[in-house]
Number of protein chains: 2
Amino acid sequence: MKKPTRAPQAAVAVAEPPKPRGRPRSFDREAALDAAMQVFWEKGFEGASINDLTAAMGVNPPSLYAAFGDKESLFLATIEHYAASRSDQVCPDHPTAKKAIEAYLRFKADILTGSGHPRGCMLMVAFFTAANASPRLQQVLAMKRAQAREFLKERIKRGLREGDVPAGTDAEELADFYTAIVGGLAQQARDGATHRSLLATVERALTLFPEP
Amino acid sequence: MKKPTRAPQAAVAVAEPPKPRGRPRSFDREAALDAAMQVFWEKGFEGASINDLTAAMGVNPPSLYAAFGDKESLFLATIEHYAASRSDQVCPDHPTAKKAIEAYLRFKADILTGSGHPRGCMLMVAFFTAANASPRLQQVLAMKRAQAREFLKERIKRGLREGDVPAGTDAEELADFYTAIVGGLAQQARDGATHRSLLATVERALTLFPEP
DNA sequence: CTAATTCTGTAGTGGTCGATACGGAACGGT
DNA sequence: ACCGTTCCGTATCGACCACTACAGAATTAG
């Protein structure tokens, strides 16, 4: 992607933008994206109107459309923003599958009841509020859900290879179980459950993780 | 509510309707309600338009409004129809709390993946698609959710009294856990999970039901 | 029969939806 | 200074939303 040729005087700054020519944008794109994420997180995809979004972002409709495209593109951008800042933050360097999944569940419980943003999981809200959306959007959301399940499954499989998960364990089935736990936590968090209540369910669910 | 006085000639038929006077309704109210339920179940409250509903019910808008009131009233009627025909069908005569909850979970798994209606739990779809709805509607939905949790909690408490649940068991916490399981099952079913997969999760979740 | 009543279908109502046309403002290049 | 470019704010656009006015059809009461 990088063309080493043609670098006129930019000897120092590599990522320097080539100075856009027209009138500069009067708002912070990342801040506006974060505001849009909060609206979608709270009201869902179909439940959030352009009016809601522009009000929260402090931007007029033409600026929104110029910066992000249509409503669906903006939503996809907020999904990536959400995944990058929340969903994909699990560090993978836990010694055993059980510890990795414990960390994953605790991390989820933290986010689901965290302050400074709406309750529950944005991807789950999106899932249930995109029934009339385009197949493209539904496909992206389905992929995100499948990724979460895949993360659990692959970590269990690695535990099987490394011996910290007893042989004969059904990785698919165990991943399904903990995926269900995460889904249940997300729903209860949306319903107003406390962080403490979620952690209790996490603890209980972890007690039946198979050990050698 | 009943006035024993003034019963002219209705000696035999007690529930006989007093023969309405105007033009008779040209559609079956229960069938229309069931069709509306399917639409709301699939698309959610905000996602289902009056157009979708009238098309599925085979009825024109004025007939819909005359028979059910506004959209929210129709939705509340479908919620009751759903609860009466699906959610409230658990027979309570199981000898132990574990068996009762096992039956409850298996029954949920059956409904969530049943044929002849959309996947997943209508109440959960309603929950996530009523963010902009009236407080009255949100309150009704919250009550329905609380009832499900209460059913589990009370059955566990009864098990504690009758001795089939070991003393010291935290009924609140255990009920929260199985409520999360049900929520997770509902989400996975909506996502296309098989009945078999759901049953596997149910089996796994039941293995950590405390026994004396 | 006529009158009263209740439902049905047509054809809309005002309001909000997502998305835009347009003219002026703010910038860099020359 | 002047021009091309890009963004901003106003003021919409047609489409769809939940909902209904109205007139005629179907029934019962008398």
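Just so it is clear, the model here is predicted, and its values are computed rather than measured. Each chain gets a letter, A, B and so on, in the order its sequence line appears, and its residues count up from 1.
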Inspect the contact between A/Lys153 and A/Glu150 and indicate whether a charged nitrogen and a carboxylate oxygen are less than 4.0 angstrom apart. yes
Could you check if a side-chain atom of B/Phe128 sits within less than 4.5 angstrom of a side-chain atom of A/Phe127, using non-hydrogen atoms only? no
Closest nucleotide of DNA chain D for B/Asp70 versus for B/Gly22: which of these residues is on the 5' side? B/Asp70
Presence of A/Ser26 side-chain N/O under 4.0 Å of D/dC7 phosphate oxygens OP1/OP2: no
Going by the ring-ring contact (aromatic ring centres under 6.0 Å, His included) test, which pairs reach into residues 184-203 of chain A, not counting sequence neighbours? none
Is the distance between the ring centroids of A/Tyr104 and A/Tyr178 under 6.0 Å? no
Given [options], which nucleotide is nearest the side-chain atoms of [X]?
X	options	value
B/Lys71	D/dA18, C/dA26, C/dA19	D/dA18
A/Phe27	C/dC7, D/dC19, D/dC8	D/dC8
B/Arg21	D/dA26, D/dA29, D/dC7	D/dA29

A/Gln38 (side chain) donor-acceptor with A/Gly116 (main chain) under 3.5 angstrom: yes
Would the distance check show the side chain of A/Gln188 and the main-chain N or O of B/Asp176 forming a donor-acceptor pair, the cut-off being under 3.5 Å? yes
Distance, rounded to the nearest Å, where B/Phe68 contributes CZ and D/dA18 contributes C1': 17 Å
Report the distance from atom CZ of A/Arg23 to atom C1' of C/dG23, rounded to the nearest whole Å. 12 Å
Of the residues in residues 45-65 of chain B, which ones touch DNA chain D at a heavy-atom distance under 4.0 Å? B/Ala48, B/Ser49, B/Ile50, B/Pro61, B/Pro62, B/Tyr65
